[in-house]
Amino acid sequence: MTGPRQVLLQRRGPDAVVALVDGAPEHLQEADLSRFVARLEAAGAGPRWVWDDTTRWYPALLAAGLRVRRCLDLRLVHRLLRRSPLVDQGLLTGPETAAWDELVPRSATSAAAGSAGGGAEGLFDLHVHVAALDAAAEHAAQQAALAASLQRGRLQLLVAAESAAALVAAEMTHAGLPWRADVHEALLAAELGPRPPAGEPPAVLAALLARAREALGAPSLNPDSPADLLRALRRVGLEPPDTRSGTLSQLDHPAVAPLLEHRRLSRLHAANGWRWLREWVHDGRYRPDHLPGGVVSGRWAAQGGGALSVPAVLRPAVAADEGWRLVVADVAQLEPRVLAAVSGDVDLARAAAGGDLYQGVVDSGAVATRSDAKLAVLGAMYGATAGSGGRMVEHLARRYPRAVEHLELAAAAGECGEVVSTWLGRGSPRPGGAWTQQAPDVPVSEADLRERRSWGRFTRNFVVQGSAAEWAASWIALLREELWRIGGAGRVEQRPHLVLFLHDEVLVHTPAALAEEVADAVRGAAERAGRLLYGEFPIAFPLDVHVGSSWADAADDADAGAPA
DNA sequence: ATGATCTGCGCC
DNA sequence: AAAGGGCGCAGATCAT
């Protein structure tokens with residue numbers, strides 16, 4: 001019993017939907033949509049749902065208890081293809097191209113946090129606008145552009161991974177990240193003292209501020225104002241170039257300690273304090289918007305409460321439900337491994353084979369210590385040119401010429417204003433600076449030269465960061481399939497499901513009995529992702545996998561910060 | 001008042 | 001002696 005292979009959904013006004021079922025139109029009411037989707041999803045492998053934008057279709061289906069197996073997200077694919085150097089842009093452009101360029105995802109959080117009565121976003125939302133976009137025509141143009149590409153295999157992988165990522169993102173917002181408000185409050189109390197009355201600073205902050213003011217003889221000092229703080233420091237004979245923590249910590253003065261502690265705790269209070277908890281955590285879940293492809297490199301972005309920078313000190317509050325576990329997995333040294341693969345550097349791949357790439361670089365004789373290896377590899381990927389990082393890069397280049405040359409070429413292309421591409425064909429944006437317009441014989445100003453170099457560092461990093469992002473997207477796409485297979489029955493949130501994705505790390509919330517199976521699935525998906533993208537190239541993606549009750553149980557600072 | 005930009009810092 | 005890539009967010013400051 002097999003169903004249709006592909007169903008394209010198109011809105012036609014406020015309540016009407018047209019479904020092209022393998023090309024044959026069926027007319028539906030919006031209210032009948034979930035039944036329609038459920039019926040076709042149950043037939044065989046389920047169709048590929050083709051729609052303008054996952055954020056405009058999938059949340060309602062999830063709310064109705066459904067889950068779809070695969071989709072094609074025309075908005076995300078449009079953005080990919082529009083920028084890819086592997087695509088003939090002429091095949092892609094049409095009368096609605098600009099409208100597709102401007103289509104933005106629908107936000108769950110800004111709608112929810114908006115004013116009473118639905119908020120401006122709801123009224124402003126472009127149902128009309130989106131209904132006017134011709135999804136079938138866009139789909140046809142995209143398929144034609146893909147078919148004509150000399151690298152269509154890679155682009156099709158990228159399109160599939162990006163669309164699957166859109167499903168994962170919607171499911172993560174739907175299920176929410178499990179968050180224990182009581183644990184969070186206890187952590188806040190331990191750091192900041194009891195919750196202060198509204199509008200007042202926590203007692204610990206007030207005391208630290210008083211100590212800093214006293215030590216500087218500046219009774220009205222506002223430590224949040226860099227200018228004010230610099231003035232106060234100058235009055236006691238200190239001349240730091242800026243007021244960053246690292247700079248202040250070099251100073252020898254009794255005000256420094258309370259200032260730094262105040263800075264750390266006031267940030268915790270402002271970014272993730274009681275107000276954050278009240279705004280973002282409801283019924284034990286934190287539900288930010290996840291935005292696949294939200295960063296030009298293809299990394300995800302997130303909106304609402306700073307989901308991608310949950311401070312380490314609060315991670316104990318991210319805790320599994322009773323009878324459930326969190327499976328936390330991160331890839332060891334993802335970006336240098338991806339660099340080895342995309343540059344075809346078998347020596348760097350060999351250095352990675354032992355599990356610790358940095359140690360492998362040391363064992364190859366390129367550098368003396370693990371921390372030198374880290375400096376060298378990160379320096380090469382970020383574009384360090386001077387100091388210890390730059391010197392280490394020279395050592396790296398002698399031992400791993402292919403990997404380093406790959407980066408140098410990306411940087412050189414960027415400095416010339418050219419587009420670079422990830423492994424699967426995501427293109428970098430074009431630079432906008434004045435330097436791109438200059439005739440070759442015009443002398444280059446110092447400022448323009450700095451800008452060129454800066455753009456070169458961006459394109460250098462783009463090929464690694466972006467290729468790593470598409471590996472990671474493939475990883476979670478494959479993992480999503482595995483988790484569904486493991487789960488047995490029930491809705492997405494009743495089975496093992498992804499709750500957070502952080503560039504090279506995933507959190508899966510799972511019934512305790514399935515946790516070990518989930519851990520295996522996470523490893524298996526990483527292995528399959530490596531083969532899917534890099535074939536037989538001998539690079540592995542080893543994971544640190546922890547099963548625990550909270551995110552903090554997985555804490556592993558083996559690689560945190562610069563080793564001494 | 002409102003919005004853009006800067007500084008600083010959390011995360012990768 | 002550090003330095004370098006990507007984000008989001010808060011608060012201060014500047015511009016309108």
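Chain letters run A, B, ... following the sequence lines, proteins first, then strands; residues in each count from 1. Note that the coordinates shown come from a computational prediction; the quantities given were computed from them, not determined experimentally. FYI, side chains are in, hydrogens and waters are out, and symmetry mates aren't considered; it's all heavy atoms of this structure.
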Tell me the interatomic distance from [X], atom [atom1], to [N], atom [atom2], rounded to whole angstroms.
X         : N       : atom1 : atom2 : answer
Asn272(A) : dG11(C) : CG    : P     : 12 Å
Glu335(A) : dC7(C)  : CD    : P     : 13 Å
Gln303(A) : dC9(C)  : CD    : P     : 6 Å
Asp504(A) : dG6(C)  : CG    : P     : 17 Å
Phe501(A) : dG6(C)  : CZ    : C1'   : 14 Å
Gln250(A) : dA2(C)  : CD    : P     : 7 Å
Asn222(A) : dT13(C) : CG    : C1'   : 12 Å
Glu415(A) : dG5(C)  : CD    : P     : 13 Å

Worksheet item: Any side-chain heavy-atom pair from Glu335(A) and Gln465(A) closer than 4.5 angstrom?
Response: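 When only atoms from C-beta onward are counted, Gln465(A) and Glu335(A) do touch, with a gap below 4.5 Å.
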Item to complete: For the residue pair Leu500(A) and Leu502(A), establish whether any side-chain heavy-atom pair is separated by less than 4.5 Å.
Response: yes
Item to complete: Output yes when at least one side-chain N/O atom of Ser225(A) is less than 4.0 Å from OP1 or OP2 of dT13(C), else no.
Response: yes
Discussion item. Can you see if the side chain of Arg457(A) gets near the phosphate of dG4(C) - specifically, an N or O under 4.0 Å from OP1 or OP2?
Written reply: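 Checking Arg457(A) against dG4(C): no side-chain N or O falls below 4.0 Å of OP1 or OP2.
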Please work out if [X] contacts a base, only the sugar-phosphate, or nothing of the nucleic acid, heavy-atom cut-off 4.0 Å.
X         : value
Ala302(A) : sugar-phosphate
Gly305(A) : sugar-phosphate
Arg315(A) : sugar-phosphate
Arg244(A) : sugar-phosphate
Gly306(A) : sugar-phosphate
Arg263(A) : sugar-phosphate
Val310(A) : sugar-phosphate
Ala307(A) : nothing
Asp228(A) : nothing

Item to complete: Using chain A heavy atoms and a threshold of under 4.0 Å, write down where along DNA chain B the contacts begin and end, 5' to 3'.
Response: dT7(B) to dC12(B)
Discussion item. Do Arg154(A) and Trp423(A) form a cation-pi contact, if we require the NZ or CZ to be under 6.0 Å from the six-membered ring centre and within 45 degrees of the ring's axis?
Written reply: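 The answer is yes; both the distance and angle limits are met.
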Item to complete: Scan His282(A), His184(A), Arg285(A) and name whichever one has a side-chain contact (heavy atoms from CB on, under 4.5 Å) with Trp179(A).
Response: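 The passing option is His184(A).
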Got a salt bridge between [X] and [Y], using NZ or NE/NH1/NH2 to carboxylate O under 4.0 Å?
X         : Y         : answer
Glu239(A) : Arg234(A) : yes
Arg460(A) : Glu408(A) : yes
Arg430(A) : Glu418(A) : no
Asp101(A) : Arg82(A)  : yes
Arg211(A) : Glu261(A) : no

Response to the item:
Per atom distances to the Val295(A) side chain, the nearest of dA10(C), dG5(C), dC7(C) is dC7(C)
Worksheet item: Of the candidate nucleotides dA12(C), dG6(C), dC7(C), which contains the atom at the shortest distance from the side chain of Asp224(A)?
Response: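 Side chain of Asp224(A) sits closest to dA12(C).
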Discussion item. Holding to salt bridge (charged side-chain N to carboxylate O under 4.0 Å, His left out), I want the full list of residues that pass it with Glu200(A), two or more places apart in sequence or in another chain.
Written reply: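 Checked Glu200(A) against salt bridge (charged side-chain N to carboxylate O under 4.0 Å, His left out); zero matches.
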Fill in: Pi stacking test for Tyr382(A) and dG5(C): under 5.5 Å apart, planes under 30°
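According to the criterion (under 5.5 Å, under 30°), yes, Tyr382(A) stacks.
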Fill in: End axis versus end axis in the helix from dA1(B)-dT16(C) to dC12(B)-dG5(C), the angle rounded to 10°, five pairs used at each terminus
10°
Discussion item. With side-chain hydrogen bond (donor to acceptor under 3.5 Å, both in side chains) as the criterion, how do Ser107(A) and Asp289(A) come out once you've worked through the C-alpha distance, each side chain's angles and the decisive distance to 0.1 Å?
Written reply: CA-CA 6 Å; Ser107(A) 159; Asp289(A) 277 324; 2.6 Å; yes
